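Below: one structure, written as structure tokens.
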Amino acid sequence: MGKILEKLKISKVLSSDGAWGTLLQAKGLKPGECPESWNLDHPDEVMEIAALYCSAGADMTETNSFGGNYFKLKHYGLEQKVTEINRRAAELSRKAAGREKIVLGSVGPTGKILMMGEVSEKELYEAFREQSMALADGGADAIVVETMSDLDEARIAVQAAHENTSCEIICTMTFEKTVTGEYRTMMGVSPTEMIPVIRDAGADIIGANCGNGVKGMVDIVKEIRAFDLVIPILIHANAGLPRYEEGKTVFPESPEEMASYVPSLVGAGANIIGGCCGTTPDHIRLICDALKMYR
Ligand SMILES: [Zn+2]
């Protein structure tokens, strides 16, 4: 049994970290710049983000590797550095997390669409294998396949990580509320459809990330729990739907507002709660406080 499942046996709930992109931008990441190149060029800044979340109380921190797959890095001419960039990402978060806290190696979508024939299943598998092995090599305890919309891509990423590393595997997809009030990914996948596929592919923990904010996550957790009574659920919600104000992206949900949903999320069956876009160490600090009574 891996570190997260082990900890969940002792504590019913755990906390995770918040946004990385938001903090990298605050530290000077320019629009159009490759965020993952900072693992090589600005390692101290990257490590500091993980350290901020750890000192805010998070039990786990992600790595700066969301776009660290072959296809995304190729866009920047960095496809030869997949292994180096991802290994470094995990090493930096591990340094900040110490031995006790958990490091989640972040794996995002490739941006290539299987259904359109832009990429083959084999090529996707190879890209996710290469990335997750490097994250494991750098010291990640778990691989978190996240922000997925296509069920096939999510399944292949989970399989690649599961079959080639000894890490625990987490998979979260991004759901939006439809006009009829149901939750679906951009590619039309519901939480209920996601569960058996991702579970069979080897995921230990499933859930949802990004999206419109924390409120809708309660319904998503309920839907997952209705289908699977056992599997741990991880939620990384955005701080609301982003607004554009004076050329800047603003996330409306305050730390207090997000933390106020913790009881509903835990009540619905969530086990690990952190944040996605727009969340900060302040959000995580209040979420950790709110989780204390359930630990
Ligand atoms: Zn997000």
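Just follow the structure's listing: the first ligand is 1, and inside any ligand the first atom is 1. The model shown is predicted, which means the values in this text are computed figures rather than measured ones.
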- Message: Tell me whether Lys3 at atom NZ has more than 12 heavy atoms from other residues, nucleotides or ligands lying less than 6.0 Å away.
- Response: yes
Please tabulate, for the side chains in residues 261-277, all donor-acceptor contacts under 3.5 angstrom to protein atoms that are two or more places apart in sequence or on a different chain.
| residue | atom | partner | partner atom | Å |
| --- | --- | --- | --- | --- |
| Asn271 | OD1 | Arg225 | NH2 | 3.0 |
| Asn271 | OD1 | Ile233 | N | 2.9 |

- May I ask you to list the protein N, O or S atoms found at less than 2.8 Å from the Zn ion (ligand 1)? Cys210 SG, Asn238 OD1, Cys276 SG, Cys277 SG
Under 3.5 Å, which donor-acceptor pairs link side chains of residues 196-204 to any protein atom two or more places apart or in another chain?
| residue | atom | partner | partner atom | Å |
| --- | --- | --- | --- | --- |
| Arg199 | NH1 | Asp228 | OD2 | 2.6 |
| Asp204 | OD2 | Ile169 | N | 2.7 |

Show me the donor-acceptor pairs, under 3.5 Å and distance only, between side chains in residues 133-144 and residues at least two apart or in other chains.
| residue | atom | partner | partner atom | Å |
| --- | --- | --- | --- | --- |
| Asp137 | OD2 | Arg87 | NE | 3.0 |
| Asp141 | OD1 | Arg94 | NH2 | 3.0 |
| Asp141 | OD2 | Arg94 | NH2 | 2.5 |
| Asp141 | OD2 | Val103 | N | 2.8 |

- Query: Are any of the side-chain nitrogens in Asp17 or Lys101 under 4.0 Å away from the carboxylate oxygens of its partner?
  - Reply: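 Result for this pair is no, no salt bridge flagged.
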- Salt-bridge test for Glu48 and Lys27: reply yes if a basic N is under 4.0 Å from a carboxylate O, no otherwise.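 Looking at Lys27 together with Glu48, the answer is yes, because their closest N to O distance falls below 4.0 Å.
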